[in-house]
Amino acid sequence: MADRERLLGFLEGTGVTILPEPQVLLTATPKVPGLDGRKMSKSYGNTIGLREEPDQVVQKLRAMKTDPARVRRTDPGDPEKCPVWDLHKIYSDDSTRKWVNEGCRSAGIGCLECKQPLIDRIVEEIGGMRRRAQEFEDNRNWCAGSSPRAPTRRARSRARPWTKSGAPCICAPTDSAAPEHT
């Protein structure tokens, strides 16, 4: 039997698939564009941090590159060539995308006007993440126990009867040596 037949699970010519071949699952936006039009990456230095201050996010998005064909405000543009449009596809609703598309192509709006709804939406979304992160910053003892090390201490105290000196044990005890759990 060939490898492909084994992968697909064909049994003696019956055509029954036991293990279907995996298919690619892509989202509508498989990679998020960065501030310079390339993929967003910390190594490129073109990211928007999830916990950045709103003023920094606004500053970065306002300075973001746009369609190179739009040199002047009166020049019509092509949203498909603009990295800001890629972010609009992710964050903006249909009516905003339609407004941006028509305004850019007719030079009815400038690049900063195009970016403003996007800036508002991204700052709003990041604000929720910042608030959630702040909850954890304010309450560092959110896990059981009085410190982050409490679960480790509990596990060590339960394992101690299985070891001679309290040192870490890498083997499981036999049934006769196992203490009763409380």
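Just so you know, these numbers come straight off a predicted model, no measurement behind them.
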Hydrophobic cluster membership, with links at side-chain heavy-atom distances under 4.5 Å among I/L/V/M/F/W/Y: are [X] and [Y] in one?
{"X": "Met64", "Y": "Val100", "answer": "no"}
{"X": "Val84", "Y": "Ile109", "answer": "no"}
{"X": "Val32", "Y": "Met129", "answer": "no"}

Which atom names give the shortest non-hydrogen contact between [X] and [Y], and what distance separates them?
{"X": "Trp85", "Y": "Pro79", "answer": "CB-O, 2.9 Å"}
{"X": "Asn46", "Y": "Lys39", "answer": "ND2-O, 3.1 Å"}
{"X": "Cys104", "Y": "Asp78", "answer": "SG-N, 4.1 Å"}
{"X": "Ile90", "Y": "Pro33", "answer": "CD1-CD, 4.1 Å"}
{"X": "Thr47", "Y": "Lys60", "answer": "O-NZ, 3.0 Å"}

Practice problem: Could you list the residues that satisfy salt bridge (Lys or Arg N to Asp or Glu O under 4.0 Å) with Asp55, not counting sequence neighbours? | Solution: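 None.
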Exercise. Please identify each residue that fulfils salt bridge (Lys or Arg N to Asp or Glu O under 4.0 Å) with Lys115, with sequence neighbours left out.
Key: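 In terms of salt bridge (Lys or Arg N to Asp or Glu O under 4.0 Å), with neighbours along the sequence ignored, Lys115 is linked to no residue.
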Exercise. Flag yes if more than 12 heavy atoms outside Gln59 fall under 6.0 Å of its CD atom; otherwise flag no.
Key: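 Open.
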Quiz item: Taking atom types as modelled, is there a side-chain donor on Arg62 or Gln116 under 3.5 Å from an acceptor on the other?
Solution: yes
Quiz item: Is any side-chain heavy atom of Cys111 closer than 4.5 Å to a side-chain heavy atom of Arg73?
Solution: no
Self-check item: Axial cation check for Tyr44 ring with Arg38, 6.0 Å and 45° limits
Solution: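 Output yes; distance and angle both within limits.
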Quiz prompt | Stepwise side chain to side chain donor-acceptor pair (under 3.5 Å) test for Arg97 and Asn101 | solution = CA-CA 6 Å; Arg97 282 195 298 267; Asn101 195 6; over 6 Å; no
Self-check item: salt bridge (Lys or Arg N to Asp or Glu O under 4.0 Å) contacts in which one or both residues fall within residues 81-92, not counting sequence neighbours
Solution: Glu80-Lys89, Asp86-Lys89
